[in-house]
Undergrad: 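Right, I'll just put the structure down here and ask away after.
Just so you know, residue 1 is the first one in the sequence shown, and it goes up from there. All figures in this text were calculated on a predicted structure; none of them were measured in a lab.
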Amino acid sequence: MAREVLEWLTKYRFAGVRAMIQPTERRTGDGVPHRQTLLIVEPDRLTRWSVQQYLNDCFDILEADCAVTAHTLLDTAIVDALVVADDLPEHAADDVEQHARRCNPGIKTVRIVTDTVDDEGPRLPNITRRLEKPFKLSALADSLGVPERVRAARNPR
């Protein structure tokens, strides 16, 4: 069912989401290999595009430009990794991250922060990795557990 939803989202570009469906590599209960899915929640289109271009050989990529779209995708797709920007309005990044953890307690999460000073928002588990903007795409890949040899094959020097 998740694949049909993603295909529908791709075809109709629902609510500002762009979903790219590609061959996969993660193993499911049926023993068929599938690739992990990464959800990027970032209001800046260029940042989403940059991350998607850098990591599209490593993950199936879902993109959301707002929290509402992110919640919809989290409810309809199996998401293995989450990159969420902290500059979403009204602590929406915290809500998205908490929702993602409810849907998949083992999800890898990376918070993209614009300010390293802690605010008065809720403290999420320390398993959330943080990267400060501007960040190197290779640092994001490291935070998501992408092996360097995979990135080196994709981006030869």
Side-chain angles (χ1 to χ4, degrees), residues 1-24 26 34-125 127-146 151 154-155:
M1 171 161 161
R3 186 173 258 327
E4 289 111 10
V5 170
L6 294 176
E7 289 171 346
W8 186 86
L9 289 172
T10 301
K11 185 175 181 180
Y12 295 104
R13 299 184 189 274
F14 174 74
V17 176
R18 211 174 67 197
M20 278 65 63
I21 299 173
Q22 303 166 344
T24 54
R26 169 174 42 91
H34 293 281
R35 220 156 62 145
Q36 291 190 344
T37 300
L38 169 67
L39 172 57
I40 305 164
V41 185
E42 165 65 61
D44 179 59
R45 175 184 272 174
L46 181 58
T47 302
R48 288 193 319 268
W49 179 84
S50 298
V51 171
Q52 188 274 330
Q53 290 297 305
Y54 191 79
L55 295 174
N56 69 353
D57 285 346
C58 305
F59 293 95
D60 289 335
I61 308 284
L62 302 174
E63 298 178 26
D65 60 358
C66 66
V68 172
T69 304
H71 287 291
T72 301
L73 287 171
L74 287 165
D75 287 338
T76 58
I78 298 171
V79 177
D80 304 292
L82 172 70
V83 174
V84 61
D86 73 339
D87 54 355
L88 295 171
E90 301 176 11
H91 297 291
D94 294 332
D95 294 339
V96 168
E97 192 168 335
Q98 290 169 351
H99 187 162
R101 289 198 190 288
R102 281 191 302 273
C103 293
N104 178 1
I107 194 168
K108 297 175 195 172
T109 57
V110 177
R111 178 74 65 97
I112 306 301
V113 297
T114 54
D115 185 4
T116 56
V117 176
D118 286 336
D119 60 8
E120 66 281 353
R123 276 312 280 163
L124 295 171
I127 51 178
T128 299
R129 296 191 169 110
R130 293 176 177 263
L131 288 177
E132 185 177 358
K133 282 184 181 179
F135 58 91
K136 291 185 177 185
L137 292 169
S138 60
L140 176 60
D142 284 341
S143 296
L144 292 169
V146 176
R151 290 179 308 198
R154 164 92 165 85
N155 301 301

Undergrad: Can you name the nearest heavy-atom pair linking Ala70 to Ala64, along with the distance?
TA: N-CB, 3.7 Å
Undergrad: In Å and rounded to the nearest 0.5 Å, what is the CD1 to CG distance from Ile78 to Leu62?
TA: 11.5 Å
Undergrad: Just how far is it from atom CG of Asp80 to atom OG1 of Thr37, taken to the nearest 0.5 Å?
TA: 5.5 Å
Undergrad: Would you mind reporting whether Leu144 and Val83 have side-chain heavy atoms less than 4.5 Å apart?
TA: yes
Undergrad: Taking Asp86 for its side chain and Thr114 for its backbone only, find out whether a donor-acceptor pair lies under 3.5 Å.
TA: yes
Undergrad: Does a side-chain heavy-atom distance below 4.5 Å link Arg129 with Asp142?
TA: no
Undergrad: Asp75: which residues meet the side chain to side chain donor-acceptor pair (under 3.5 Å) condition with it, sequence neighbours left out?
TA: His99
Undergrad: Run through Arg111, Arg102, Lys108 and flag the one making a salt bridge (charged side-chain N to carboxylate O under 4.0 Å, His left out) with Glu97.
TA: Arg111
Undergrad: Report yes if some heavy atom in the side chain of Asp95 is under 4.5 Å from a heavy atom in the side chain of Glu90; otherwise report no.
TA: no
Undergrad: Compare every heavy atom of Tyr54 with every heavy atom of Ala141, then report the nearest pair and how far apart it is.
TA: CB-CE2, 3.9 Å
Undergrad: Sequence neighbours left out, what passes salt bridge (Lys or Arg N to Asp or Glu O under 4.0 Å) with Asp87? Give chain and number order.
TA: Lys133
Undergrad: Can you name the nearest heavy-atom pair linking Glu42 to Ala85, along with the distance?
TA: OE1-CB, 3.1 Å
Undergrad: Rounded to the nearest 0.5 Å, how far does CG of Leu38 lie from CG of Asn56?
TA: 10.5 Å
Undergrad: Heavy atoms, side chains only, cut-off 4.5 Å: are Val110 and Ile112 in contact?
TA: yes
Undergrad: What heavy-atom pair brings Cys58 and Val146 nearest, and what distance separates the two atoms?
TA: SG-CG1, 3.6 Å
Undergrad: Contact between Val51 and Phe59 at the side-chain level, heavy atoms closer than 4.5 Å - yes or no?
TA: no
Undergrad: Taking Thr76 for the side chain and Thr72 for the main chain, is one N or O donor matched with an acceptor at less than 3.5 Å?
TA: yes
Undergrad: List the residues meeting side chain to side chain contact (heavy atoms under 4.5 Å, CB included) with Ala100, not counting sequence neighbours, and say none if there are none.
TA: Leu74, Leu82, Ile107
Undergrad: I want to check something: taking the side chain as every heavy atom from C-beta on, are Ile61 and Ile40 in contact at a cut-off of under 4.5 Å?
TA: yes
Undergrad: Does Ser143 have any side chain to side chain donor-acceptor pair (under 3.5 Å) partners at least two apart in sequence or in another chain, and if so, which?
TA: none
